Number of protein chains: 2
Amino acid sequence: MTDEIELPGEVTLLWGLRETVRRGRKPSLTVADITRAAVEVADAEGLAAVSMARVAAQLGNSTMALYRYVKSKDELLLLMSDAALDGPPDLPDGLDWRTGLTLWARSLLKVLQRHPWTVQIPISGPPVGPNNLWWFDRALRALGDTGLDEEDKVGVVMGLLTFVHGELRLSTELSKGYAENPEAFGRQYGKALARVVDAQRFPALGKVIAAGVFEGEVPYDEEVEGEFGLGLFLDGVAAFIERRAAGQG
Amino acid sequence: MTDEIELPGEVTLLWGLRETVRRGRKPSLTVADITRAAVEVADAEGLAAVSMARVAAQLGNSTMALYRYVKSKDELLLLMSDAALDGPPDLPDGLDWRTGLTLWARSLLKVLQRHPWTVQIPISGPPVGPNNLWWFDRALRALGDTGLDEEDKVGVVMGLLTFVHGELRLSTELSKGYAENPEAFGRQYGKALARVVDAQRFPALGKVIAAGVFEGEVPYDEEVEGEFGLGLFLDGVAAFIERRAAGQG
DNA sequence: CTCTTAAGCGTATGTCATACGCAATTATCC
DNA sequence: GGATAATTGCGTATGACATACGCTTAAGAG
């Protein structure tokens, strides 16, 4: 309990465990203020617009003032990526794992889609932020009645997280591209492919194009595609749970 | 056939379909040269080191010369992300779909891991580069004997791509973090979590920590974790194929 | 041989993260 | 209560970056 472990800097920062100030001028900002302002800027103008100067302007302070609260921009990005995850939904108790995880994944996707810039922030380490861990906890809880051991649960949740991340990346960046240039997506895309794809070199793709799969308005529908892939993954989890229940590794 | 469709600029660029030059000074570079140099820089020093100036220096040219071949840095990044995918493996014919897709996904992951910076490049649209399409084609081909219709095949491959992307992002960025700061991962991580995680607020996570799952050296082993998640996903695909074979949507 | 066209490249602009040092302000100690 | 020490606020400076612009130069067309 009184184990004297030095907590890493990022951890104390994310959890707001900075030592109480003793002497000197009173801080006029808080780390939370700065994070909130940065998130506002990112939501409104995209991650590219988040510069130290821009965030400081949002707060009515000077650029360099921020560096008294945050060691670097990277640290600010770390804070932002935790702040973007507001608390997870309180799933009703007594759900079977599949319903629970489906709801969980959908909510996560929805939350992340409200802050699409999260995907662009590089991951710098294992999750340590309170909100990240909160979500993690809720997913683990949904797996409570499956009989999996703790390590397997972590594996499943990691896999699901991986999938949601990939999903988010594809869906947000494609839909951004779509918004910027709708022409490139609809029929244009199919036609351009048809022109360029040689059936000799790309036989399977040729068949798909011939079947008209890319003729629709948008070849990639976030909603549908996301549900489809998620369903596939959860089918896999179901099979895994059964295999474990049947007793072998 | 002689449909007069204007191909989008990126397409002609990626496929090397630029008009033949007529008059004027001979170009001393090619788009391929520039792309190759940029990839070299990214491989050796990371994507952050890829500046127009750095790439030009690599080629012994001046910065601004590159802009004669490439409209912007973003265009160069697009070229790089296609170039990073050398051709897909020629899968032996007659494999069942699962073996084929497993090999495919592993190869893709391996190729991408040799160019880890690919994950950091934003996706700007649906795949149009020749190498991207080549890989796509090979995955579709592996699904040839499943009886799925073309649209479903596309869905499955998209899902798998999504997963591999998420996988890659997690694994490369975490392992980079690990290389930079090994301390933060091993026991340190478990201990720090234990200090900060309140069993009241994070009951399920608390159990996992108590079970010692995070006590190992590295909580996230790319190899193992990747195979695990991939297996789950493919189990899901198997279930889906059976469902379709059984006749209902 | 001249003209047209496109390539090479120096310069300039504006944005960015961030190091550094000084001034302003506050809590503590005598 | 006045001195001291700590700590924030912020102006300035630096060096990297993408990229616009325009001049110079080379190569083919007539």
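Below, read A as the first sequence line, B as the second, and so on, with proteins coming before strands; counting in each chain starts at 1. Because the structure is predicted, anything quoted here is derived from the model rather than measured.
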For this session: Output all residues satisfying side-chain hydrogen bond (donor to acceptor under 3.5 Å, both in side chains) with D43(A), sequence neighbours left out; order by chain, then residue number.
Result: H115(A), W117(A)

Exercise. Out of curiosity, L77(B) CG to T118(B) OG1, how far, rounded to the nearest 0.5 Å?
Worked result: 11.5 Å

Exercise. Which sits closer to the 5' end of DNA chain D, K26(B) or S28(A), going by the nucleotide each is nearest to?
Worked result: S28(A)

Exercise. In whole angstrom, what separates M52(B)'s CE from dA12(C)'s C1'?
Worked result: 18 Å

For this session: Test side chain to side chain contact (heavy atoms under 4.5 Å, CB included) on W104(A) and L160(A) and set out the steps.
Result: CA-CA 10 Å; W104(A) 180 89; L160(A) 193 51; 3.7 Å; yes

Seminar exercise, completed: Per atom distances to the K73(A) side chain, the nearest of dA7(C), dT18(C), dA27(C) is dT18(C)

Exercise. Just how far, in rounded Å, is C1' of dA7(C) from CG of D33(B)?
Worked result: 15 Å

For this session: Please list, by residue number, the residues of residues 54-67 of chain B whose heavy atoms come closer than 4.0 Å to an atom of DNA chain D; answer none if no residue qualifies.
Result: T63(B), M64(B), Y67(B)

Exercise. Which of these nucleotides, dG9(D), dA17(C), dC9(C), is closest to any side-chain atom of S51(A)?
Worked result: dA17(C)

Problem set entry | Per R68(A) side chain, nearest of listed nucleotides dT8(D), dA7(C), dA17(C) | dT8(D)

Exercise. Is there a donor-acceptor contact under 3.5 Å from the side chain of R36(A) to the main chain of V31(A)?
Worked result: no

Seminar exercise, completed: Rounded to whole Å, CG of L76(B) lies from P of dC17(D) at a distance of 14 Å

Exercise. Which whole-number value in Å describes the distance from E75(B) CD to dT19(D) C1'?
Worked result: 14 Å

For this session: Mind listing the closest non-hydrogen atom pair of S81(B) and N132(B) along with its distance?
Result: O-ND2, 4.1 Å

For this session: Please confirm whether the backbone N or O of D82(B) pairs with a side-chain atom of N131(B), one donor and one acceptor, at under 3.5 Å?
Result: yes

